[in-house]
**Q** 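Sharing a structure here in structure tokens format.
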Amino acid sequence: MDADSDVALDILITNVVCVFRTRCHLNLRKIALEGANVIYKRDVGKVLMKLRKPRITATIWSSGRVMCTGATSEEEAKFGARRLARSLQKLGFQVIFTDFKVVNVLAVCNMPFEIRLPEFTKNNRPHASYEPELHPAVCYRIKTLRATLQIFSTGSITVTGPNVKAVASAVEQIYPFVFESRK
Amino acid sequence: FVLLIGAGKTPTLGGGFHANLGKESRAQTLQNGKRQIHHLGNQLQLNQHCLDTAFNFFKMAVSKHLTRGRKMTHVIAACLYLVCRTEGTPHMLLDLSDLLQVNVYVLGKTFLLLARELCINAPAIDPCLYIPRFAHMLEFGDKNHEVSMTALRLLQRMKRDWMHTGRRPSGLCGAALLVAARMHDFRRTVKEVIRVVKVCESTLRKRLTEFEDTPTSQLTIDEFMKIDLEEECDPPSFTAGQKKLKIQQLEKALSKKLEDFEGEISSYQDEIEIELENSRPKAKGVFANFTKDDPIDDSTSSILGEEEAEDEELEAAANHLNKDFYNELHEKDRAKTDEDGKCKNGNEALVRPPALESLLGPLPTAASLGITESIKECISTKDREPGENTGDGELDLSGIDDSEIDRYILNETEAQIKAELWMKENADYLKEQKEKEARIAKEKELGIYKEHKPKKSAKKREPIQASTAGEAIEKMLEQKKISSKINYNVLRDLNSKGSNTPKKEDDSTDDSTNTKKLSRRKSIASRNIANPVNSVGKRLRPLISTQLAKKAATEEAIFPSTQAEAPDLQKPAAVLVESGPVAYNPDEEVEEEEIEDDDDHCMSALQLMGGNGKLGCSLNY
């Protein structure tokens with residue numbers, strides 16, 4: 001039962017969330033007025049700016065903190081973030097691109113077999129939690145990697161973690177356990 | 001404040017006070033919890049053993065500080081549900097949420113957290129547990145047992161057929177019971193079953209259709225009771241997934257055929273590419289590097305292409321689009337005379353061809369990834385300092401298409417239109433904001449403006465109108481929550497003493513402060529009496545408010561009476577767990593100076609009580 005089918009498993013990254021700072025106060029009103037692709041949410045105090053090239057949605061606060069979501073890889077996230085900073089620069093703000101950090105990566109992976117969830121939960125007691133009344137998947141948390149996996153009975157697994165490496169190693173780790181409880 | 005000063009004056013008392021408070025609070029919490037557990041548990045008809053276990057869980061939770069920041073009711077419910085699970089009683093989380101009128105998922109979250117923190121493994125729910133309960137609710141009469149048995153068999157069959165993983169147990173029960181009822185000639189409509197089982201109609205129907213798909217459904221009733229089919233089915237979602245996969249594979253096969261044709265075309269395109277490259281103006285300076293990098297780019301992107309998942313249709317479309325775009329770019333390239341522009345465009349154009357080549361090459365790759373790869377190359381070559389982003393903060397402009405970004409910025413007229421649209425949409429919110437500002441401005445003028453922090457609004461009480469001080473006190477006591485730390489009998493006695501002494505009018509208009517106090521007192525009387533002095537400790541409040549109440553009621557100077565009460569005050573003050581009577585008055589004095597409205601009022605009382613000689617004497621004219 002070796003996890004050698006690692007190579008065959010495609011882990012598809014669906015979302016990468018990152019944050020960065022512009023180190024300058026941003027006038028949300030100005031951005032909202034002059035940007036073509038922005039939504040101004042005044043009641044919560046933020047501006048949503050959507051880019052087309054790397055398909056990215058950025059949430060901009062007046063303090064200068066910006067959060068980008070929707071990228072499909074870490075590099076793309078960084079690229080999109082820089083693009084965004086560039087467009088803010090063009091709007092006239094003295095933007096400095098600092099503290100870029102990838103905060104969350106969401107990936108989906110498909111196992112070629114189905115999984116018996118109650119059995120799996122029993123074998124992995126402290127880490128796995130299964131409440132069929134609430135959610136149809138088993139929630140498995142790996143503390144060391146700070147990753148969470150949602151395992152469905154069809155064999156599809158959703159992984160979230162702090163970076164792509166953690167996500168990949170999480171899948172590697174879970175494979176043998178899941179293989180045990182396969183149908 | 002009060003505590004600090006109190007500690008200063010009587011240190012031992014202060015220390016003891018704190019320790020006492022802590023223990024009392026904990027005991028109170030546990031007591032409260034026990035009461036709530038019993039209350040809920042009785043509604044669920046849990047036996048005493050379960051309730052005790054639940055209380056134990058609760059104690060553990062409290063000691064681990066899990067009740068902090070959570071509603072007590074949620075924690076209690078979670079404890080009870082935990083017990084239900086460990087004991088295997090047929091109670092659902094839904095029942096608990098029904099009783100409490102709380103969202104199931106919120107309860108579920110608390111429950112999961114509790115189970116995790118207390119390291120208790122709740123055994124998984126078996127839908128079979130629910131059958132007897134639901135059967136009873138559906139009122140099958142004598143045949144109750146038989147129907148339950150049939151339903152159980154059905155459920156077991158469902159389990160073998162993989163219908164039960166990841167599904168709500170109640171839904172499965174509902175379906176099983178419905179079928180079982182029909183089998184025994186009971187007419188139970190879907191609606192009745194839903195009401196009992198608490199799932200949606202569509203869920204029930206879905207379960208029924210899934211069961212229909214299994215071979216077991218083809219058996220007659222008698223056959224079902226006797227025979228058990230050997231084969232097992234796949235879970236329904238799995239079969240649905242398999243169908244999808246098949247469709248995808250078909251599509252792939254089709255597109256592969258297309259690919260063969262494309263292979264021929266690509267070879268021609270390669271030749272065209274080479275021609276175009278030669279005809280393009282040479283880029284200068286830094287960008288010269290890129291011309292060298294091209295072949296490397298090409299190879300890397302093509303390798304990528306092999307590895308990636310292929311979405312043929314998308315590539316064909318991207319192919320088509322990119323060709324047009326490339327031509328456009330090329331024209332732009334020739335048109336620009338500005339050197340910088342040229343260089344940049346040259347850069348872009350250089351960036352594009354490798355991507356295009358990889359696209360048109362033997363193995364089609366995802367267009368976007370091809371481009372980003374080559375851009376990555378550009379970035380890496382342009383980077384002078386490796387870790388510059390972290391230190392410098394300078395924006396790295398490589399690979400960023402300024403012209404496209406310019407398109408994102410609206411011009412004047414567009415900005416105006418957008419502003420109008422936004423104003424219209426958010427009109428309500430803006431109106432609210434304006435009103436708020438107007439209100440604040442008005443209050444500021446009047447000098448009443450307070451920084452309103454978001455907190456629970458204090459209960460507004462009517463001003464007490466009573467003819468005697470005694471009545472006033474009674475009414476006030478009714479309104480206000482009774483504190484266990486005040487001896488109300490003593491207060492009442494105080495009052496009786498007060499009413500005996502002659503009530504003297506406050507004639508002294510000379511003493512401006514006095515008149516001020518009086519007038520303010522009258523104005524305060526019309527206001528809420530129960531609104532206590534804010535900064536003074538809670539325990540002092542009832543006392544002061546009683547004083548206020550009395551004064552309001554009489555509307556006369558009861559300074560002499562209060563003076564006479566000063567010694568009596570020592571007694572109630574002694575009843576207070578707080579600092580001793582001696583400390584009481586100066587405490588107030590110190591504080592009152594800082595408080596706003598009621599302050600002056602209290603100061604008057606204070607001064608009367610504390611600073612005996614002056615005012616009391618002056619009013620005794």
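First the proteins, then the strands, lettered A, B, ... as listed; each starts at 1. As the structure is a computational prediction, the values presented were derived from the model and not from experiment.
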**Q** What parts of residues 428-436 of chain B touch chain A if we use heavy atoms and a cut-off under 4.5 Å?
**A** B:Tyr429, B:Leu430, B:Gln433
**Q** Within a radius of less than 6.0 Å around NZ of B:Lys159, do more than 12 heavy atoms belonging to other residues, nucleotides or ligands occur?
**A** yes
**Q** Please determine if A:Glu131 and B:Arg85 form a salt bridge, counting it only when a charged side-chain N lies under 4.0 Å from a carboxylate O.
**A** yes
**Q** CZ of A:Arg65: more than 12 outside heavy atoms within 6.0 angstrom?
**A** no
**Q** Just by distance, do the side chain of B:Lys418 and the backbone of A:Ala32 share a donor-acceptor pair under 3.5 Å?
**A** yes
**Q** Examine whether an atom of A:Tyr40 lies under 4.5 Å from a heavy atom of chain B, and if so say whether it belongs to the side chain, the backbone or both; otherwise answer neither.
**A** both
**Q** Rounded to the nearest 0.5 Å, how far apart are CZ of B:Arg116 and NE2 of A:His127?
**A** 11.0 Å
**Q** What do you reckon, is CZ of A:Phe100 surrounded by more than 12 foreign heavy atoms closer than 6.0 Å?
**A** yes
**Q** Side chain from CB out, backbone as N, CA, C, O: work out which of these in A:Ile115 comes under 4.5 Å of a heavy atom of chain B, or both, or neither.
**A** backbone
**Q** When rounded to the nearest 0.5 angstrom, what distance separates OH in B:Tyr105 from NE2 in A:His135?
**A** 9.5 Å
**Q** In terms of heavy-atom proximity below 4.5 Å to chain B, should A:Val138 be classed as side chain, backbone, both, or neither?
**A** neither
**Q** Is it the backbone or the side chain of B:Leu112 that comes under 4.5 Å from a heavy atom of chain A, or both, or neither?
**A** side chain
**Q** Could you go through the side chain to side chain contact (heavy atoms under 4.5 Å, CB included) check for A:Leu33 and B:Gln416 one step at a time?
**A** CA-CA 8 Å; A:Leu33 283 177; B:Gln416 262 184 347; over 6 Å; no
**Q** For A:Arg55, is it the side chain, the backbone, both or neither that has a heavy atom under 4.5 Å from a heavy atom of chain B?
**A** neither
**Q** Check each atom of A:Ser129 against the heavy atoms of chain B and say whether the ones under 4.5 Å are side chain, backbone, both or neither.
**A** side chain
**Q** Do other residues, nucleotides or ligands put more than 12 heavy atoms under 6.0 Å from B:Lys198 NZ?
**A** yes
**Q** Would you find more than 12 non-hydrogen atoms of other residues, nucleotides or ligands less than 6.0 Å from A:Lys165 atom NZ?
**A** no
**Q** For A:Arg23, which atoms come within 4.5 Å of any heavy atom of chain B: side chain, backbone, both, or neither?
**A** neither
